[in-house]
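Data first, discussion second: the structure below is written as structure tokens.
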Amino acid sequence: MVRRALVVALLSIPCLAAAQQQVLDAFSVPNSGDEHTAAKSGGTLRRFIPGTLEGLEEVLGIAERHDLDVWQIRADRPSVDIYTPDELPDALKGFPHSLSSVSVPSLPSPLSAGNWDLSSLANTTFHDEWHPQDEVDAFILNLAVLHPERVAVLELGHTAEGREMLGLKVSSGAAAKKGVAKPKLGFVLMGPQHAREWVATSTALYFAHALLADASEPGSLAGLLDTYDFHIIPSPNPDGYVYTWETDRFWYKNRQIVGPGAQCIGIDMNRYVELGTRPSLLKPMALIIQVQGYKWKAHSDSPLLQSSKKKDKEPADPCSHWYPGHRAFEAAEVTNVANYITKINGVGKGAGKGGIVAFVDLRSYGQMLAAPYSYKCDKLPKDGEDQMEALHGAAQAGRSVHGMGFTAGRLCELLYTAPGNMIDYIYNTASIKYTYAAFLRDTGTYGFALPASWIRPVGEETSEIVSYIARFVAKQRGYEM
Ligand SMILES: *[C@@H]1O[C@H](CO)[C@@H](O)[C@H](O)[C@H]1NC(C)=O
């Protein structure tokens, strides 16, 4: 094993506009009584590179026992990123790792609320800064006012805390190109289920804006609307997203009250059809197919803690970072998204008839484009070759924009084997053949705390990735694009 002692001190985030230099010291909501607030001004991100999967299992086992916040696991080049504002537990100190100090960036005061000029993609300042949930919603509503003939606001249902989940359907309304009587294809683009992955939300908003930008503008994707309707859900975990703005920047579950005595908060939404808890790297899971959901599991039989098999059979701790709920679709937000998609595309035998042919789950971080399955690696999906062909092309398309590399592969081989991921459910149950998870920038320097100046470039390169997939699928189906 190579010892790495790379120390990267992250400087504060460069500000773009003068207005943004009016930064507040910390998060704007005064929550001084909240125990979580004080500790969240920054911490250390450590990358462990154990060299082998066995070593990785060991590090993860310790992380789990100490309920540490794992930011990323890579199985293809075994490494695990662990963030903590506190000291590293003794048990981990002996493992070689690199360090970055991650500071919670100061946020611009959201004074500008509602004052953006969205008539131009290139000239608006909206994509120069991060936006809290109410501004995300305002953006969607503003686009609908500007483009009433092309934008339908989606009300997807309520969250655990009672927020209405908004999305938007962008459609040209006109018949498919060249008078061909072919129906439009459908494409679903979803933002992050994990609240802290802000760049996935900003990218979904950027993409929606690019679809609506006049075809004469640089970056406009208006041409895609000749063939596609886009269903865009920029913030599928708004309760969690609000919490990342107000209290804990790196929160990632939803905000549902859970546990036997209602003593814990939050379900890891992207294990909803899944289990949870412990990712499995070495052996296939023994799977339980639930009535709803796909490969969701309440219990873990992961080999992470191979030495304590008995513990593996215990349900996940509802207070842990990994809690998947005690049944599939316990998270209201997940049910809302699944209902929306399956209502259009159906489930079971008739699934796939609704015209939605592609689904991309935007996430961060890691610069990876991943295809199903997540829950197992020993069998390719029947559409595996087509999926990978599109994905390799998409990775190249992404790189062509700003030179950022993306690794393409199966989710199970890039991250780890874990049942119940969103993409397994969408691929299998909603029968959407071209279903992917796209992990955006970066590769672990800023992690979830990217500079705001990257919002636009990430939006641009991801738009190219999504467009490539859209064009690939349309061609496969005999559409001219
Ligand atoms: C954006 O700003 C430039 C420079 O002011 C201007 O020439 C251009 O027309 C603007 N574009 C749009 C679409 O408003």
Side-chain angles (χ1 to χ4, degrees), residues 13-23 107-132 134-153 166-174 177 184 187 189 191 198-232 234-235 362 397-398 400-404 440-441 450-468 470-471 481:
I13 303 310
C15 292
L16 284 182
Q20 275 182 286
Q21 283 163 11
Q22 294 183 330
V23 288
L107 294 169
S109 165
L111 285 177
S112 52
N115 287 337
W116 314 284
D117 179 359
L118 300 182
S119 61
S120 156
L121 173 70
N123 292 353
T124 183
T125 56
F126 184 88
H127 304 294
D128 298 338
E129 40 181 279
W130 305 110
H131 296 282
D134 57 348
E135 296 182 4
V136 170
D137 290 343
F139 178 83
I140 293 171
L141 298 171
N142 284 353
L143 285 185
V145 169
L146 273 175
H147 305 280
E149 72 296 344
R150 282 188 281 169
V151 174
V153 175
L166 298 187
L168 64 171
K169 182 177 173 187
V170 184
S171 162
S172 71
K177 207 178 178 180
K184 291 279 179 67
F187 198 121
L189 188 66
W198 286 8
V199 75
T201 292
S202 69
T203 298
L205 298 176
Y206 178 90
F207 185 85
H209 204 185
L211 287 173
L212 292 161
D214 191 273
S216 64
E217 268 207 80
S220 170
L221 298 175
L224 291 177
L225 297 177
D226 292 339
T227 310
Y228 278 93
D229 294 338
F230 281 87
H231 309 257
I232 302 173
S235 182
L362 297 174
S400 72
V401 180
H402 295 294
M404 301 307 275
L440 311 180
R441 295 190 197 181
L450 297 186
S453 57
W454 286 11
I455 292 170
R456 226 174 231 286
V458 173
E460 289 160 358
E461 72 203 8
T462 309
S463 292
E464 199 49 44
I465 287 168
V466 172
S467 305
Y468 183 92
R471 288 193 301 267
M481 282 193 81

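Just so you know, ligand 1 is whichever comes first in the structure, and atom 1 is the first atom listed for that ligand.
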Contacts table for ligand 1: protein N or O within a distance under 3.5 Å of ligand N or O, distances only.
residue  : atom   : partner : partner atom : Å
ligand 1 : 2 (O)  : N123    : OD1          : 3.2
ligand 1 : 2 (O)  : N123    : ND2          : 2.2
ligand 1 : 11 (N) : N123    : ND2          : 3.0

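For the pair T124 (side chain) and L118 (backbone), a donor-acceptor distance under 3.5 Å is absent. Judged purely by atom type and a 3.5 angstrom limit, S220 has no side-chain atom pairing as donor or acceptor with the backbone of S216. Side-chain N or O atoms of S202 include one that pairs as donor or acceptor with a backbone N or O of V199 at under 3.5 Å.
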Start with the C-alpha distance between L143 and H209, add both sets of side-chain angles, then the distance that settles side chain to side chain contact (heavy atoms under 4.5 Å, CB included), and finish with yes or no. CA-CA 8 Å; L143 285 185; H209 204 185; 3.9 Å; yes

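Partner of H131 under the ring-ring contact (aromatic ring centres under 6.0 Å, His included) criterion, chosen from F126, W198, F139: F126.
By the ring-ring contact (aromatic ring centres under 6.0 Å, His included) test, Y206 pairs with H127, sequence neighbours left out.
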